[in-house]
Amino acid sequence: MIDITLPDGSIKQVEKGTTAMDIAMGISEGLARNVLAAKVNDEVIDANRGIDSNATLQLLTWRDTEGKSTMWHSSAHLMAEALEFYYPGIKLAIGPPVKNGFYYDVDFMDYQIHESDLVKIEQKMKELAKQKNAYVRKDMSKSDAVAYFKNLEDPYKLELLEDLEDGTITFYTQGEFTDLCRGPHIPHTGFIKAIKLTAIAGAYWRGDEKNKQLTRIYGITFPKNAELTEYLEKVELAKARDHRKLGKELDLFAFSQRVGQGLPLWLPKGAELRERLENFLKRAQKIGGYDQVITPHIGSKELYVCSGHYAKYGEDSFQPIGTPHEGEEFLLKPMNCPHHCEIFKTRPRSYKDLPIRFAEFGTVYRYEQSGELHGLTRVRGFTQDDAHIFCTQDQVKDEFKKVIDLVLYIFKTLKFENFKAQVSLRDKDTPDKYIGSDANWDKAERAIIEAADEKNLPTIVETGEAAFYGPKLDFMVEDALGREWQLGTIQVDYNLPERFELEYTGSDNQKHRPVMIHRAPFGSMERFVAVLLEHCGGDFPLWLTGDQVAILPISEKYNDYCEKLLQLLNNSDIRGFVDDRNEKVGKKIRESELKKIPFMLIIGEKEVENNAISVRQRGMDDLGQMDVDSFIQLLNKAVEDELA
RNA sequence: GCCACCGUAGCUCAGUUGGCAGAGCAGAGGUUUUGUAAACCUCAGGUCGCAGGUUCGAGUCCUGUUGGUGGCUCCA
């Protein structure tokens with residue numbers, strides 16, 4: 001007999017070899033019907049695998065993340081079975097679960113597959129699911145496994161097998177389909193009730209563009225049809241928050257084929273919004289001891305040869321701009337740091353001057369591959385809320401911590417609560433991807449990790465994600481469709497000061513090299529506005545939004561009164577307008593709501609008589625009458641609270 | 001850059017097997033003077049992304065190209 005400890009702490013004594021499914025049955029049949037997999041001593045295994053020794057056991061259902069992954073992994077196998085039915089001879093690569101569903105990468109050989117084919121594949125999957133075929137696990141020796149896939153002429157599985165040790169290789173079979181797979185899987189296909197194949201895309205084998213491009217089919221499955229419907233509705237709702245849609249609806253920005261792809265045009269309302277964001281940050285930076293600087297949009301090619309950027313990105317960038325007679329070469333500025341280094345060098349610096357913090361809303365241009373461009377989140381011309389801090393080695397950690405505080409203040413003010421802080425370190429196995437000495441990298445990496453620790457900032461560490469010149473701390477936020485974007489970034493750099501031979505005179509009267517910190521709390525204005533827009537669904541905070549108040553006269557008889565009201569509001573720094581169109585008030589309200597204006601003042605005879613206003617708040621009903629002064633106070637207080 | 005899909009009026013979209021290019025909103029003119037999410041009438045608005053081709057005839061079929069979308073790769 002062995003002891004099985006359940007999550008509630010209770011212990012069940014069962015015979016050796018008892019399965020999680022047996023134990024679930026023992027608890028209740030209803031539970032057993034929902035068990036997708038089991039977590040035994042922190043390892044997820046098939047619910048029908050025997051347990052051989054004392055263990056903790058958690059039964060995984062659809063409610064558990066691992067339960068979902070297991071089902072989606074099994075769904076990928078189910079899809080593969082359907083694909084083999086319609087396209088015999090295709091070569092299968094990998095088919096893992098992902099955050100929302102699963103995919104399978106397939107080499108379709110000579111078959112042509114189209115999006116319209118997905119429906120019939122879904123149908124086949126449903127048919128196969130109904131057969132409640134069990135997922136059967138089988139150990140196989142490496143030589144048998146190799147023989148099996150040699151027979152199938154599947155180069156991808158053979159390549160995968162190369163990395164596997166003999167004795168650890170398992171296969172799973174359900175129905176007519178067998179696949180090399182570590183597992184675990186759900187007990188049988190019958191758990192898969194609702195199926196939707198969502199997309200078809202190209203994907204390079206092993207994620208390397210030098211390799212063959214395979215066809216990836218994405219899908220998602222659910223144990224109930226209702227959940228699929230709910231999911232699809234959620235996706236539709238998310239699309240309504242898409243910044244590209246909202247940006248158009250709210251007249252914030254546009255693109256023009258004639259101007260060029262990836263080159264955003266900020267419309268008046270968008271430009272004003274951006275200006276308010278910039279002023280908000282400028283104010284915070286002024287308090288933080290930053291000095292604003294301004295540098296040109298181009299710089300001599302030599303500047304970037306010196307910085308090392310030309311060697312790294314020169315070939316894959318916008319190409320140099322030549323002058324007609326002298327043959328000089330300039331680059332469209334891809335970043336601001338070299339310019340700021342030159343500002344540092346305009347005069348001798350003393351340790352007493354440090355830290356020096358140069359800030360600039362610097363517009364930069366980068367050649368991004370056309371397929372990568374995406375709304376305002378990935379563009380070819382954008383403005384960084386950039387700054388470079390030049391400090392002594394001793395000041396690095398403190399300065400870094402101050403920047404973390406600044407980023408967190410911004411995120412808090414704009415209510416970004418679900419962000420990820422990622423420490424990006426170098427991959428020591430690919431040293432040629434980086435420049436600078438190991439000693440400096442070590443120092444920089446340590447500084448970042450310690451600063452984050454001391455700020456109690458929960459971080460995830462990603463190796464190999466560092467910039468080529470230094471490690472960084474990135475703040476990532478998801479967009480409406482769950483895609484992750486890097487916003488704020490802080491980077492320690494020992495490299496540029498060396499390349500530009502930056503120096504300051506220390507208290508010892510000797511020359512020393514400063515350390516640089518690159519930082520951009522928003523990241524870029526474009527991407528930040530995009531993510532902010534999706535985050536708040538267009539309902540910007542009061543302090544940031546364009547028109548805070550729409551004054552809606554019920555008939556033109558009250559226009560004069562409304563104009564006077566607007567004057568009063570403007571005098572108190574409240575932004576608004578009078579909608580004096582010849583339209584019914586219902587329509588004016590509707591349009592104000594659609595334009596996401598926070599407050600509407602409805603003005604008719606009653607208000608004029610009482611020298612009052614009727615207030616309606618966005619997304620809410622009539623708040624009733626009040627006098628103008630109270631309303632002004634209310635708004636000013638609300639703005640003050642938002643920025644506190 | 002690669003794979004797949006899409007492009008019809010300012011916007012959102014309809015347009016059968018190839019047979020006279022449509023609607024709603026927005027815009028203009030008029031009527032109406034309006035009470036908490038769309039008043040009414042009239043008008044105007046298009047080289048169907050662009051360029052070729054097939055055809056008696058192309059928004060529709062084919063080729064190329066450009067832009068967008070979803071992924072992959074990349075991201076200073």
Side-chain angles (χ1 to χ4, degrees), chain A residues 98 103 105 108 112-118 198-218 239 242 244-245 248-249 251 254-258 260-262 304 307-314 316-317 333-338 364 366-375 377-378 380 384 386 435 465-470 472 481 483 485-486 489 491 493 495-496 518 527 552-559 581-594 600-607 614-624:
Chain A
V98 288
Y103 67 78
D105 282 350
F108 274 95
Q112 293 287 321
I113 178 154
H114 296 284
E115 222 169 87
S116 51
D117 298 322
L118 295 182
T198 48
I200 187 161
Y204 300 105
W205 165 238
R206 299 216 139 170
D208 189 335
E209 65 178 326
K210 289 194 241 359
N211 289 340
K212 176 160 185 185
Q213 191 162 48
L214 307 173
T215 303
R216 175 172 297 180
I217 302 179
Y218 284 93
K239 282 185 188 158
D242 191 311
R244 292 163 299 188
K245 180 175 153 71
K248 198 181 265 182
E249 284 169 7
D251 297 317
F255 290 89
S256 148
Q257 187 165 337
R258 200 170 268 159
Q261 54 179 172
Y304 298 98
S307 72
H309 289 106
Y310 190 78
K312 182 81 182 169
Y313 293 105
D316 299 312
S317 290
K333 175 163 84 173
M335 76 268 305
N336 307 296
C337 28
V364 297
R366 295 179 184 175
Y367 171 77
E368 304 284 4
Q369 300 184 98
S370 59
E372 210 29 77
L373 299 171
H374 181 91
T377 49
R378 192 83 185 265
R380 286 178 170 170
Q384 295 178 312
D386 209 358
I435 57 175
E465 292 294 310
F468 74 99
Y469 54 78
K472 49 186 188 158
L481 292 171
R483 294 173 291 215
W485 296 97
Q486 175 210 304
T489 179
Q491 312 176 358
D493 185 358
N495 179 59
L496 273 192
H518 308 242
R527 182 177 290 179
L552 315 178
I554 282 171
S555 105
E556 64 187 9
K557 285 183 274 188
Y558 316 112
N559 283 357
R581 292 174 306 161
N582 179 10
E583 296 289 353
K584 299 185 85 157
V585 74
K587 178 161 189 168
K588 295 180 184 181
I589 287 169
R590 176 181 158 79
E591 291 187 4
S592 293
E593 290 278 355
L594 291 175
M600 286 151 268
L601 306 184
I602 286 83
I603 306 300
E605 193 176 350
K606 287 182 252 171
E607 288 72 23
S614 283
V615 182
R616 182 187 164 107
Q617 196 170 351
R618 171 179 67 198
M620 298 163 87
D621 276 333
D622 194 353
L623 300 185

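Naming: A, B, ... by sequence-line order, numbering from 1 per chain.
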Check your understanding: Should A:Arg380 and A:Gln261 count as side-chain neighbours, where that means a heavy-atom distance under 4.5 Å?
Key -> yes
Separation of B:G35 atom P from A:Lys584 atom NZ, nearest Å, is 6 Å
| task | Would you tell me if any nitrogen or oxygen in the side chain of A:Arg244 comes within less than 4.0 Å of OP1 or OP2 on B:U69? | result | yes
Atom CZ of A:Arg581 and atom P of B:U34 are separated, to the nearest Å, by 18 Å
Is A:Tyr313 stacked on the base of B:A76 when the test is centres under 5.5 angstrom and planes under 30 degrees?
yes
Sugar-phosphate, base or nothing in reach of A:Thr198, heavy atoms under 4.0 Å:
nothing
Closest to the side chain of A:Ile589, out of B:C74, B:C2, B:U36, is B:U36
Can you say whether a donor on the side chain of A:Glu115 sits under 3.5 Å from an acceptor on the base of B:C5, or the other way round?
no
**Study point:** Donor-acceptor pair under 3.5 Å, A:Tyr204 side chain vs B:G1 base
**Key:** yes
Exercise for the section: Please determine, by modelled atom types, if A:Gln384 and A:Asn336 share a side-chain donor-acceptor pair under 3.5 angstrom. Expected result: yes
Using Watson-Crick geometry (N1-N3 plus N6-O4 or O6-N4) or G-U wobble (N1-O2, O6-N3), each under 3.5 Å, B:U16 is paired with none
Can you tell me whether the side chain of A:Glu607 and the base of B:G35 have a donor-acceptor pair closer than 3.5 Å? yes
*asked:* Using OP1 and OP2 only, check whether a side-chain N or O of A:Arg483 sits under 4.0 Å from B:G71.
replied: yes
Next item on the list: Apply salt bridge (Lys or Arg N to Asp or Glu O under 4.0 Å) to the pair A:Glu556 and A:Arg581, showing each step before the final yes or no.
Entry: CA-CA 8 Å; A:Glu556 64 187 9; A:Arg581 292 174 306 161; over 6 Å; no
NA contact type, A:Gly586, heavy-atom cut-off 4.0 Å: base, sugar-phosphate, or nothing?
-> sugar-phosphate
pair_partner(B:A39), Watson-Crick or wobble, both distances < 3.5 Å, evaluates to B:U31
By nearest-nucleotide position on RNA chain B, the 5'-leaning member of A:Gly260 and A:Gln369 is A:Gly260
On the side chain of A:Arg206, is there an atom forming a donor-acceptor pair with the base of B:C72 - under 3.5 Å, no angle test?
no
Indicate, with a heavy-atom threshold strictly under 4.0 Å, whether A:Ala201 touches base, sugar-phosphate, or nothing.
base
When you look at A:Tyr218 and A:Arg216, which way does the side-chain hydrogen bond (donor to acceptor under 3.5 Å, both in side chains) test go after all the steps?
CA-CA 6 Å; A:Tyr218 284 93; A:Arg216 175 172 297 180; 3.1 Å; yes
request  = Report yes if at least one side-chain N or O of A:His114 is closer than 4.0 Å to OP1 or OP2 of B:A4; otherwise report no.
outcome  = no
Reckon A:Lys557 has a side-chain N or O less than 4.0 Å from the OP1 or OP2 of B:U34? yes
* If we ignore angles and hydrogens, is there a donor and acceptor under 3.5 Å between the side chains of A:His309 and A:Ser307? -> yes
Donor-acceptor pair present, A:Glu556 side chain and B:U33 base, under 3.5 Å: yes
_Step-by-step salt bridge (Lys or Arg N to Asp or Glu O under 4.0 Å) determination, A:Asp622 to A:Arg616_ = CA-CA 5 Å; A:Asp622 194 353; A:Arg616 182 187 164 107; over 6 Å; no
note: A:Asp105, atom CG; B:C3, atom P; distance rounded to Å ~ 16 Å
Rounded to whole Å, NZ of A:Lys245 lies from P of B:C11 at a distance of 14 Å
- request: Remember a base hit wins even if backbone is also touched, and classify A:Arg378 as base, sugar-phosphate or nothing at under 4.0 Å, heavy atoms.
  value: base
Check: Heavy atoms under 4.0 Å, any strand shown: does A:Gly371 hit a base, just sugar-phosphate, or nothing?
Finding: base
Comparing nearest nucleotides in RNA chain B, the 5'-proximal residue of the pair A:Glu368, A:Asp621 is A:Asp621
